[in-house]
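Data first, discussion second: the structure below is written as structure tokens.
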Amino acid sequence: MAKRIDVSGLNAYYGAHKAIDDISMTIEPRSVTAFIGPSGCGKSTFLRTLNRMHEVTPGGRVEGKVLLDDENLYGAGVDPVAVRRTVGMVFQRPNPFPTMSIFDNVAAGLRLNGKYRKSELKDIVERSLKGANLWNEVKDRLNKPGSGLSGGQQQRLCIARAIAVEPQVLLMDEPCSALDPISTLAIEDLIGELKERFTIVIVTHNMQQAARVSDRTAFFNLAAVGKPGKLIEIDETERIFSNPSVQATEDYISGRFG
Amino acid sequence: MTVATSHRHRKVAEPRPPLALKQSRLPRWTLPVLALVAVGAGCGIGLVAGLDSTVQWGLIAALLFVLATYLLTTAVEGTRQAKDRLATSAVWTAFLLAVVPLASLLWETVARGTKVLDGYFLSHSMGTLPDALPGGGVYHAIIGTLEQVGLATLIAAPLGLLTAIYLVEYGRGRLAKVVTFFVDVMTGIPSIVAGLFVLSVWILILGFGPSGFAGSMALAILMMPVVVRSTEEMLKLVPNELREASLALGVPKWRTILKVVLPTSIGGITTGVMLAIARITGETAPVLLLVWGAKTINNNPFDGAQQSLPLYVFQQWQQGSDASYDRAWAAALVLIAFVMVLNLVARGIARWKAPKAGR
Ligand SMILES: Nc1ncnc2c1ncn2[C@@H]1O[C@H](COP(=O)(O)OP(=O)(O)OP(=O)(O)O)[C@@H](O)[C@H]1O
Ligand SMILES: [Mg+2]
């Protein structure tokens, strides 16, 4: 049940500071969309507006529309909790719950929402951990705290936790920045599998990764330091990497910028 | 005294070795010997000068010791080491100054309190025993303290916790500022004022009689701001990433607070509550005003006068007989032990509940 995302005229603020300016794009269901762009251009901010996590930051404010299959996430009466159940998220830095075991961390989304059958829980946890390529490393220590894992393992634990609730859209903010090449490959394979069922948005600083995993790529840029970030263009990944329509995109991809 | 000169010598004569990792050191026995000498000299000076306070002897000895180590270390090991020794001495002096009153208080209480402290003392009330006679016990006061403090905790802990959660997780704008302001004001309320407040409302206006519960209300007023403050600080320590991780799973905010934020900080929160309990356990003034004190056992905190440990100490001391002095000391010892046990329990819970890392 993947969903299409339609963004139009989206601005996001931190207090008085405008972080992203007038962004409109369409994200196709059952596809992988990659966000690339220089640091600080608002990729994370934009990603967080897609599941209403931006407003969690103190001073965070959003203007504009985000349609999830024709329903505006920012419409009146929309429950942010329901939005986040549908649109899952993996953060830039791993953040397992320190008081919970590995098993409980993966089960957290289901347990905290109270929607599970006990017998299913074990299967779901195992499936999710296998999906995140972590199962073999932790299967003997499922009851140990999640904070006792290495950074890369923690990140895969967080991915397992996010996919355990079976969201329809999965937002990933540089999910591989803490991972070794093998785990990265595993995550990329996982993304390939997940896109059969979900809509996936991934922020990455790794051009090869964007080229490998994504169907469409969006390039963001800053006009100047202190100015809000803007969407420069979004297109088929192949076109972006071979023959982009904007010069700035080509400069960024080929390393000629700044 | 020769190190400095030899240094200068070497500089002229030959290039210095790139890193001087080794240097001359005082032999290990120097410090104890110096200490002994200083104590001896202190006593000697004290005797000769005819000072009769041993505290003065000790101060002289300490000063001599610090001075001697400083000079000797400067001469042999260099100024940096000497400063290090000086700082170490200062830290130890401060430590001793802080510990001396505590230790002497404990010593005094244990020495005097154990005289009549036994099973009989802990399991009997005063009953009809005349105050001048030996015998009697604190059972009624222990019951009273347990019930009053327990009730106060039942009132203040949930209220304080909820207030802190509101302030940290929800509080924005005006209301939060007002609440914070009143919590600050409440922190400064003297216990007698809290007692008078409950006295005027509960007993004078509403017409209830004295009871353990009346005392609990005053104690709760004293306890609440402490709970709010400590819980607030603990909740603020929980990293925002954890809240976001939970929210991003589609978990509602209240469940996030209940299942992620509170478990992460539960150790610190419990410690805060326990310390607040320890603080109100020793309160005398509100109990005197509202619970009145009693000589017999009253198990019902909602009806009639009760006793409590600090009030018992106060009243026994007032009696002024030898037997009542002994009882006052013994009850004070019981009170200290009670608070100590509470603190130990708090530490235990904090350690047990603290987020664990490692495999
Ligand atoms: N919590 C915050 N409070 C205030 N300003 C913020 C906050 N988070 C981000 N910003 C600002 O918003 C802008 C966009 O930040 P964002 O994190 O979205 O960048 P990004 O594209 O994800 O960068 P990176 O590639 O380094 O992760 C930056 O100018 C940043 O300074
Ligand atoms: Mg980012």
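Only this structure's heavy atoms are used, side chains among them; waters, hydrogens and symmetry mates stay out. Numbered from 1 within each chain, the chains take letters A, B, ... in sequence-line order.
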A/Glu63, CD atom: more than 12 neighbouring heavy atoms under 6.0 Å: yes
Heavy atoms of other groups near A/Ile182 CD1, more than 12 under 6.0 Å: no
Region of A/Met53 that comes under 4.5 Å of a non-hydrogen atom in chain B: side chain
A/Asn95 CG to B/Arg243 CZ distance, which is reported to the nearest 0.5 Å: 12.5 Å
Closest contact, heavy atoms only, A/Pro98 versus B/Thr264: CG-CG2, 3.9 Å
Separation of A/Arg111 CZ from B/Arg255 CZ (nearest 0.5 Å): 11.5 Å
Residue B/Lys236 excluded, over 12 heavy atoms near NZ under 6.0 Å: yes
Exceeds 12 heavy-atom contacts within 6.0 angstrom, atom CZ of B/Phe197: no
Neighbour count >12 (heavy atoms, 6.0 Å) for atom NZ, B/Lys177: no
Residue among B/Leu247, B/Leu258, B/Val260 with most heavy-atom pairs under 4.5 Å to chain A: B/Leu247
A/Lys65, NZ: over 12 other non-hydrogen atoms inside 6.0 angstrom: no
Contacting moiety of A/Pro167, where chain B heavy atoms sit under 4.5 Å: neither
Test side chain to side chain contact (heavy atoms under 4.5 Å, CB included) applied to B/Leu249 and A/Met89, A/Arg161, A/Arg85, the passing residue: A/Arg161
Non-hydrogen atoms of A/Val81 and B/Pro252 that approach each other most closely: CG2-CA, 3.6 Å
Atom CG of A/Asp70 with >12 non-hydrogen neighbours under 6.0 angstrom: no
Under 4.5 Å from a heavy atom of chain A, the part of B/Ser246 involved: both
Interface moiety of A/Val83 toward chain B, non-hydrogen atoms closer than 4.5 Å: neither
Winner by heavy-atom pair count (cut-off under 4.5 Å) against chain B, out of A/Arg48, A/Arg84, A/Met100: A/Arg84
A/Phe91 portion near chain B, given a 4.5 angstrom heavy-atom threshold: side chain
A/Tyr14 atom OH: more than 12 heavy-atom contacts under 6.0 Å: yes
